[in-house]
Amino acid sequence: MLNLINTSFDNCIKCTACTTRCPVAEANPDYPGPKQAGPDGERLRIKNPELYDEALKHCTNCKRCEVACPSGVHVGTVIQLAKAKHGGFKKGPREFMLSHTDLMGSLSSPAAPIVNTVTKLKPVKKLLDKTLGIDERRTLPKYTGQTFRSWFNKQSGTQEQFKRKISFFHGCFTNYNDPTVGKHLVSVLNAMNIGVSLMKKEKCCGVPLIANGFFDKARKNAELNMNQFARSLTETECVIATEPSCTMTLRDEYPEVLDVDNSDVKDRIFFAAAFIAREFARGNQPDMKPLKLRVAYHSPCHLIKAGGVIHTMELLSSIPGLEVIMLDQKCCGMSGTYGFKKENYNTSQSIGQGIFDQIEALGVDYVVTDCESCKMQVEMNTGHTVLHPLTLLAQSLT
Amino acid sequence: MKYNSIIIGGGLAGLTSAIRCAEAGLKTALISAGDSALTFASGSIDVLGIRQNNSLVQYPFEEISHLPSDHPYRKLGAAQVKQSLHFFTEQMAKAGIQMSSHGQQNHSRLTALGAIRPAWLSQPGTKALSIAAPAAGLRRVAIINIAGFRDFQPALVAAGMKKHPEFTGVEFTVADISAETIKIDARNAYELRSLEMARLLKRDLFSQPKGLTIFASAIQKAAGNADLVVLPSVLAVENGNELISQLEAHTGLPVCELATLPPSLPGMRMASALRQRYRELGGLLLEGDEVLSGYFDNNQLRSIKTRLNPSMPLEADHFVLATGSFFSRGLDSNPSSLTDKTFNLDVVETGQREQWSNERFLNGSQHGFSYFGIETSERFNPYQNGNAITNLYCAGGVLGGFNPVAEASAGGVAISTGWFAANQIIAHRSDSSGTAK
């Protein structure tokens, strides 16, 4: 059989629009930018793998290059695949810890109070910094004592009573770190007469694994998740997820980056806000009381990439009394596990500075965003509490 | 989800239209499939600069009545074209960029090849020269680059300028400023494009307290007593115009920046100013999505399906199609036909396939395809199989009947038709305000 090379990157017309929008290239001169790292470099790498450039490690996979590309080139994916193919990942214990979010969660959650106290201690943070390279200036995510799944199982009987049902892919953060958004999703959907059910089993969507080079593990997770989805969809309308990066990965990265076929279920995977906005448009909108708040909305990179901003804005604008100011659509710099790494700390902070300054200048009650990683970054760098849109929606239920 | 207006295309026409709609309080969404041609544009706006016989136009608005009757400007008339450009100038000013014009007259702007192009509006950093006598008042011109930056060749600019008879007798100085002189760590300056050079200068030079003074004295040294200093536009992405004026104050010399090979910083500046303005007005910007198809019913476009949310069509009362021409992928051609890629609307095309283009692409003569585009009514409504679609308007490069390059009219047509489309939508809404929500 002919071994055909995917040359779709050759649609690149070298306009450099991607590089103009790359947050890393703007902050870090060591990164030559997506045009050079992506389509330009790919032509060289095809010729001779020796021409692989180490600088690709700086890419955060934020996908802004793809959003900017007028020629439809999957610049970010080209870079991720090149890293995978040419071994451009350093996979040490730090990368393992940061990326195996479900494993770390299942170990830490039962001992949450201890883990949370310990990871706040300065000497511990110093130690993590020195031994693993997790920057000591970072606030580490807390774990929850009661996972979302165990909370959910206690009241799954209630969910059975609804005629309509959807499957919820909760993701690692909601399960092990902070179940708030999951709980709020359940109350919002229940108020719309829709029940929630969980997959029998779910694994991390794979976004941190891809970012840290654990492609085989990510592929295994993807296959398990797709099997679970197919099974669950025989009894529910669709699968929805609240985390933009998970949703993008389940829908788009499985076939594109991991080569896992999801064509049977892809059209039935929704970002939660998209599903709810569609229900609202069809008239299934719960009664809502006014929330007299002024909030700034930050749109996460992967939500922009997946085309979800329109739905979140629709939900926010349906809440009476809520004043929403849209921040400049810039990257916050956290990019999941990227910002935790010592060598990326300065770049990460410098990327987000514009957003932090804008937030501080606005004097709003809260910042709102859909992404847990953005939330961590904004809360650490501004004096503001960051809420999920579903939290506001849940608060507005009568 | 339902909008008052949905604008398809995030270039000059789309952004102008979207800003006008959002300003009037319409619930507006703008869908853009990647960055627009503004990233490569000069950052000046041409309205109408060159006649069919290649002579330069001095008074663009007066010239409109001499255009062929199917030209977009003829449908609008000079007064509306002028009004739209005033609107545009006002919006740019609100976004922080004061565009300037010479009253009703065109001016000349220099290009990075030393050519002279007519324009009507320019950013302050672009020194506007007189249209009739571009070399008036100039005796010595200094063209200065930062050593190693490859997308700007001072000798080439000078050679280009010397080709114009007006510049005979003008003395040209070409010079490079070295990285050491201005204390930047350029590593390999040959790898830098305009954008990277600007980022480097910001980091290493202009963020320093004395940065501007260091750069200004390097310019003074290289330029001597020139009465015009020409630089590549690489000094700053944001606030580039302010930087040029500070530089002028420091050196006491008139400074002109020229857009380089892509990316063009003045063009990027314009695009980001317009996007920012649109967002401030509460408009929703959907970047990186693309319209796949439309649902038409009773000669109206009811909803559109996009690549990222195919199962959730977007509805609107009115739509604007501003997807650009061939380069921006608004129009597409194959060996036998020409199509508008988005909705398959009726297009203007003339002559046999062999006559669509001239054999030699760059010999200066006009190509048939430049006039191709969507055919529209007097109110810029397109046709589908001969039927006008009355709630859809076309604007900018996707329109047929004009030649943006040969006429030097791309900017003005984009702005005026985009503005006109928005005005139609607004008027329609206030007509039916009794029923609208």
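Given the structure is predicted, the values throughout are model-derived calculations rather than measurements. The sequence lines fix the lettering, A, B, ..., with proteins before strands; numbering per chain opens at 1.
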Exercise for the section: Could you tell me whether a side-chain N or O of B:Arg329 sits under 3.5 Å from a main-chain N or O of A:Pro70, the two making a donor and an acceptor? Expected result: yes
Pair count under 4.5 Å, heavy atoms only, with chain B: among A:Ala17, A:Pro29, A:Gly307, A:Ala27, highest is A:Pro29
If you tally heavy-atom pairs under 4.5 Å between each of A:Gly308, A:Ala277, A:Ser71 and chain B, the highest tally belongs to A:Ser71
Chain B shares the most heavy-atom pairs under 4.5 Å, among A:His311, A:Arg251, A:Met326, A:Arg64, with A:His311
Whatever's closer than 4.5 Å to a heavy atom in chain A on B:Glu290 counts as neither
Do other residues, nucleotides or ligands put more than 12 heavy atoms under 6.0 Å from the NZ atom of B:Lys94? yes
Of A:Ser317, A:Ala25, A:Ala281, A:Cys18, the largest count of non-hydrogen pairs under 4.5 angstrom with chain B goes to A:Ala25
When rounded to the nearest 0.5 Å, the distance separating CG of B:Leu286 from CD of A:Gln329 is 8.5 Å
One should read off an interatomic distance between B:Arg203 CZ and A:Glu26 CD, to the nearest 0.5 angstrom, of 9.5 Å
Applying a strict 4.5 Å limit to non-hydrogen atoms, the region of A:Ala68 in contact with chain B is both
Given A:Gly72, A:Ser299, A:Pro32, A:Ala274, the one with more heavy-atom pairs under 4.5 angstrom with chain B than any other is A:Ala274
Under a 4.5 Å heavy-atom criterion, the part of residues 307-319 of chain B in contact with chain A comprises B:Leu308, B:Asn309, B:Ser311, B:Met312, B:Leu314
Taken to the nearest 0.5 Å, the spacing of B:Arg279 CZ from A:Leu327 CG works out to 9.5 Å
Among B:Arg275, B:Glu196, B:Met268, the residue with the most heavy-atom pairs under 4.5 Å to chain A is B:Arg275
So CZ of B:Arg193 and OG1 of A:Thr19: to nearest 0.5 Å the spacing works out to 9.0 Å
**Request:** Kindly check if the number of other-residue, nucleotide or ligand heavy atoms within 6.0 Å of NZ (B:Lys183) is above 12?
**Result:** no
Whatever's closer than 4.5 Å to a heavy atom in chain B on A:Phe280 counts as neither
In this structure, CD of B:Glu280 is separated from CG of A:Asp328 (nearest 0.5 Å) by 9.0 Å
Pair count under 4.5 Å, heavy atoms only, with chain B: among A:Asp267, A:Val324, A:Asp30, A:Ile13, highest is A:Asp30
Cut-off 4.5 Å, heavy atoms of chain B, and the answer for A:Arg282 is neither
Of all heavy-atom pairs linking A:Cys15 and B:Pro262, the shortest is O-CB, 3.8 Å
From the list B:Asp35, B:Ile31, B:Leu284, B:Leu261, the residue making the most non-hydrogen contacts under 4.5 Å with chain A is B:Asp35
Cut-off 4.5 Å, heavy atoms of chain B, and the answer for A:Cys22 is backbone
By salt bridge (charged side-chain N to carboxylate O under 4.0 Å, His left out), A:Lys266 pairs with (sequence neighbours left out) A:Asp252
